[in-house]
Every structure is written in structure tokens, then in C-alpha cells.
Amino acid sequence: MKKLKKYFLYLMIALVFTQIPRKSIGLCHEVDIQVPCELVAAGFPFIYIVDLDGISPVGSVETNPLFLLAGEDHFIWIGFISSVLFWWIMILVVHKLYKMFEKLNLMK
């Protein structure tokens with residue numbers, strides 16, 4: 001159970017690392033046509049939240065799950081899962097390296 005709590009904590013840390021603001025190129029609606037425009041996005045290394053048609057407050061995307069369900073921003077599941085897995089693996093690798101160096105008495 002202690003190990004499960006530790007890995008859950010690592011997953012929560014990974015979630016925090018993924019919420020990095022970025023820019024994305026998307027399609028915005030103008031009168032009767034769609035034109036390319038720069039949209040606010042979030043997620044690293046993969047984008048998983050994109051401002052839907054530029055309706056969010058300027059320079060922000062919503063990370064609150066309730067507002068995401070309301071459809072204010074576009075949520076990309078594959079980007080979210082990929083970003084969380086990337087950071088979770090990075091955290092686990094760092095943890096394993098720390099344990100290995102600690103075992104070899106290199107960390108004092």
C-alpha cells in the first residue's frame with residue numbers, strides 16, 4: 001500500500017508538470033470562413049488543452065475539469081495521456097537513479 005501511495009504521488013507530480021502554457025495554430029471562425037490563427041494551449045511535451053475558437057479569457061486556457069466538461073476549451077485525450085506518461089516515466093527514472101546512487105553510497 002505504501003508503494004501504491006508513492007506511485008500515486010509521482011502521478012500527481014507528473015500532472016503538475018504537464019500544465020505548461022503554449023501556443024498552437026488552429027482554425028478560428030470569421031464571418032463565413034475559417035482562417036488559421038494562433039490559439040492558447042497547454043500541455044508539455046504534448047498539447048492536450050486548446051482554446052476553442054478563442055473564447056477563453058485572453059492568454060489562458062481552463063484547467064478546471066468542470067469547465068473542460070462544459071466545452072469551453074478543447075481537451076485532447078491522447079495528448080493528455082501521453083504527457084502524463086512521459087512525466088511519470090521521467091520521475092520514475094530519476095527515482096530509480098537516486099536509489100541506485102544511494103545504494104552505491106554516491107549520495108551522501
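Each residue takes its place number in the sequence, starting with 1.
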statement: Heavy-atom closest pair (I76 atom, I47 atom, distance to 0.1 Å) is CD1-O, 4.1 Å

statement: In short, G79 meets F46 closest at the heavy-atom pair O-CB, 3.7 Å

query: Using 30° and 60° as the class limits, which term best fits the ring planes of F75 and F80: parallel, tilted or perpendicular?
result: tilted

Only distances under 3.5 Å count here; give the side-chain donor-acceptor pairs of residues 86-95 to other protein atoms, sequence neighbours excluded, each with its distance to 0.1 Å.
from	atom 1	to	atom 2	distance (Å)
W87	NE1	F44	O	2.7
W88	NE1	Y7	O	3.4
H95	ND1	Y10	OH	2.8

query: Pairs in or reaching into residues 80-101: which pass salt bridge (charged side-chain N to carboxylate O under 4.0 Å, His left out), with residues at least two apart or in two chains?
result: K99-E102

